[in-house]
*Asks:* 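For reference, the structure I am asking about is given below.
Residue numbers begin at 1 in each chain, while the letters A, B, ... track the order of the sequences. As the structure is a prediction and not an experimental result, all values here were calculated from the model.
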Amino acid sequence: MAKYPFKDIEKKWQQRWEDEHTFRAVEDERFPKEKRRYVLDMFPYPSGAGLHVGHPEGYTATDIYCRYLRMNGYNVLHPMGFDAFGLPAENYAIQTGTHPAVTTYANIDRFRTQIKSLGFSYDWSREVTTCEPEYYKWTQWIFLQLFKKGLAYEAEMPINWCPSCKTGLANEEVKDGHCDRCGTKVVRKRIRQWVLRITAYAERLLADLDTLDWPEPIKLMQRNWIGKSEGATVRFAIADFAASASADAAKSSAPDDQLEIYTTRPDTLFGATYMVLAPEHPLVPQITTAKQRAAVEAYIEEAAAKSDLERTDLAKDKTGVFTGAYAINPVNGARIPIWISDYVLISYGTGAIMAVPAHDSRDWDFAKKFNLPIIQVVAGPDETGPFDREPKACTEAEGVAVNSGQFDGLPTAEFKARISEWLEERGAGKTAVNYKLRDWLFSRQRYWGEPIPVVHCEKCGIVPLPEESLPLTLPEVNSYTPTGTGESPLAAIPEWVNTTCPHCGGPAKRETNTMPQWAGSCWYYLRYLDPKNPAAFADRSKIDYWMPVDLYVGGAEHAVLHLLYSRFWHKVLYDLGLVNTDEPFMRLVNQGMILGEDNQKMSKSRGNVVNPDDIVEKYGADAMRVYEMFMGPLEVSKPWSTAGLVGVSRFLERVWALSERPIAEGPLSPELEKLLHKTIKKVTNDTATLNFNTAISQMMIYSNELAKLESIPLAAWEPFARLIAPYAPHLGEELWSRLRHADSVSRADWPLYREELTHDEEKEIVVQINGKVRSKFSAPAGTSKETLIEMAKTAEKITEWLSGKEIVKSIAVQDKLVSFVVR
RNA sequence: GCGAGAGUGGUGGAACGGCAGACACGCCAGACUUAGGAUCUGGUGCCUUUCGGCGUAAGGGUUCAAGUCCCUUCUCUCGCACCA
């Protein structure tokens, strides 16, 4: 018996598919909308390390699904491309002195070869690469649309700065206070930035999650990230306010002599015993008394020097300084001290809070530390009072109002509504909504990214480049090394930086920041629709033909990065009337991580990395594909096992060996026919629902049964070749062509099953006595419950179990079991 | 701390509330062979000589029946982390 010559077969079919453009997707109007599917993979960032075994996992899953859909009469769009701008290529360029474009394109070539070696059915004619001028022309074009809509603005603000990557980072790119990419501790740095107003879309980004078929944990992560809260803003008058009125109270809409705070618990207003401002709050210098000034200024300086990590994670014990000023509580006229502390964040709400230590644990900690008064204003259902003493513990639970004047006795929810009205009537506050989501820090002080297409003109200010002038291409530089000063390496090229203003023709300087890595991936799924179009990012008719994406498969690590950014851009394009739906990805599936054999995350340092090239070389692409799908459910993490791979490889070898047996004509035995139809049914259902592991298991069961036969009946073999084809496409093609089919099996019809042949005529019925299985017998399918009970009473061993006992209860489940309760 | 998910043989994993462990790996025994990563056949949750008993992280509950539903606890993974 010849071993399965996978190398020859895989090479042969990959060549055929390429030569014959087997998987080219065409906008054929004969396919109605419901017979079209857009199945998308998260495109890879082509690192120097080459493909990782994690990549083919999701790619195999979508490939099987696409092949299945095509065989079921769908027109399928299944493209692939490369996310090619970004820090790793640039860092590598700095280390080695080679141009990032050189390494990037070399990496892309390697990735493309590796991906192709696995036999995926991509339409390669639609390949896109985000670092190509023809591509990033449209990334820049979309940026200009954002700018024109007022959604891109410049700001000088303290940002997350990675001292190692020497660039600013978005909030989403900071994990545990460290750079998501290199792990260096992030520091605060104040520099000029481009920022995208994603917060303008916060509500829609939140609400529209409900319309998406996405994993609940991912939706929850986005909801938490957006972090909507509902409450009220309340204005407190500042007592004896006498400072100059020159302050820029930008954060607050209140007059200078008032302090506006945000709270989600306006029902605890009577319990406010002090106020806290963020150290950066604009009112701080004005209200601070001469006596406190030195202490306050020292504290502000100290806070400014701290990183966010130090202000949050590491410093749960509270610090703060009294300003010397007092505020007047609008509900009861109480005069309460105003403090500053870095536990209040300038970037959230109004940058100021009322502190209710009895009902907020942070305020409680602060009050305890600085010996500030604590007044209980919410009582639990069982509490009877009196409530005139300081409470023993902080409670954040809702309850009934106490110590709250005319509002006493109101439940929390009702109080919230009433007090908001009360405040509004008196002009002292109103209901308000806040989001944790911050605007998206969009510029990077680096070379290898899309140049931001604006100039700075002395006369006209910030002027966008005319759309006709795009792309604004990256110039050559002598050094890619980031300056670390907050300027990108582009700033060192005067002949590029110095330009003329498109508006007035006067001298102007180009923007030298570049876009973050996420920019290109925000809209790549749209470029696949029409990758060569020079006049638009994609022709509207092609957008209408394919969009939205029906299934998007990728890792969960992009939950609040790419997936949020992409939704934002898509909604902007939708508002501009440029796309047909307000969401890009209808269904999302996250594949689990493939761990090393030691159950640890694969990493070079652990030495547990598996290289897909080695696997393809030794066992073939089909074995790799089928093994990765057989490992377990797509969505969960699971460890790699080369022994397990060998098992799958043996399965494919056995299938190959079966194909070398003689073919038999004539009808199938009833048993084999039933197994065939059960197999078609299970593989069909499991493939459609992405439960590939159990589909493969069923094919193994089926092939094990065929292996018992000397010759293989054609009617049993031919459907099997079609079932296995999406999973092991090279083997599938070879089996199909050996059955003398000229056309690719990928264009064959998916086999159909007859439902009645998937049911057994005889069912094994289990007999339970007091919940334990004591016997089994066989009965025709559909036998009535009454008959089953009668049959069960006389079943083997049951008579003994029943003798001398009283049957208290008899339960029968058709085709399944009989259960007796006896005494 | 908060939120989410997950705990099933030696291993990866199956299992509409209805026979726990399909399928595969590994292991054991045997067959065969141009000793291979072979291949084929049979066996393989634990305890027990048998009858049978016990088993899905631990403990409780609902049910004729629980891996599956409910409550409590533990462990692991992921996300968030002073957002008022």
*Asks:* Take A:Arg650 and A:Asn704, find for each the nucleotide of RNA chain B with the closest heavy atom, and name the residue whose nucleotide sits nearer the 5' end.
*Replies:*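 Final value for this comparison: A:Asn704.
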
*Asks:* Nearest whole angstrom, please: distance from the C1' of B:A6 to the CE of A:Met593.
*Replies:*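 About 14 Å, once rounded to whole Å.
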
*Asks:* What is the distance, rounded to the nearest whole Å, between atom CG of A:Leu817 and atom P of B:U63?
*Replies:*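 Whole-Å distance recorded here is 18 Å.
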
*Asks:* To the nearest angstrom, how far is A:Met700 atom CE from B:G13 atom P?
*Replies:*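 Distance, rounded to whole Å: 15 Å.
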
*Asks:* What's the closest nucleotide to the side chain of A:Val813 if the choices are B:G18, B:A24, B:A22?
*Replies:*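 The nucleotide sitting nearest to the side chain is B:G18.
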
*Asks:* Using only modelled atom types and a 3.5 angstrom limit, is any donor from either the side chain of A:Lys318 or the base of B:C82 paired with an acceptor on the other?
*Replies:*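 Between B:C82 and A:Lys318, which were checked side chain against base, a qualifying N/O pair under 3.5 Å is present.
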
*Asks:* Does A:Phe366 have its ring centroid less than 6.0 Å away from the ring centroid of A:Trp339?
*Replies:*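 Yes, the ring centres sit under 6.0 Å apart.
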
*Asks:* Indicate, with a heavy-atom threshold strictly under 4.0 Å, whether A:Lys175 touches base, sugar-phosphate, or nothing.
*Replies:*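 If one applies the 4.0 Å heavy-atom cut-off, A:Lys175 turns out to touch the sugar-phosphate alone, with no base involved.
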
*Asks:* Considering only the P atoms, how many Å lie between B:U73 and B:C2, rounded to the nearest integer?
*Replies:*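 It works out to 11 Å between them.
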
*Asks:* Under a 4.0 Å threshold between the charged nitrogen and the carboxylate oxygen, would A:Asp760 count as salt-bridged to A:Lys678?
*Replies:*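 A salt bridge is present here (some side-chain N lies under 4.0 Å from a carboxylate O).
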
*Asks:* Per the atom types in the model, does the base of B:C19 pair as donor or acceptor with the side chain of A:Lys776 at under 3.5 Å?
*Replies:*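 Counting by modelled atom types and ignoring angles, a donor-acceptor contact under 3.5 Å is found here.
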
*Asks:* What is the distance from CG of A:Asn171 to P of B:G79, rounded to the nearest Å?
*Replies:*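 Going from A:Asn171 (CG) to B:G79 (P), I get 16 Å.
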
*Asks:* Do the side chain of A:Gln768 and the base of B:C19 come within less than 3.5 angstrom through a donor-acceptor pair of N or O atoms?
*Replies:*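 Such a pair does not exist between side chain and base.
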
*Asks:* Look at the side chain of A:Lys638 and decide which nucleotide, out of B:A81, B:G13, B:C64, has an atom nearest to it.
*Replies:*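 Taking heavy atoms from C-beta onward, the closest nucleotide is B:G13.
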
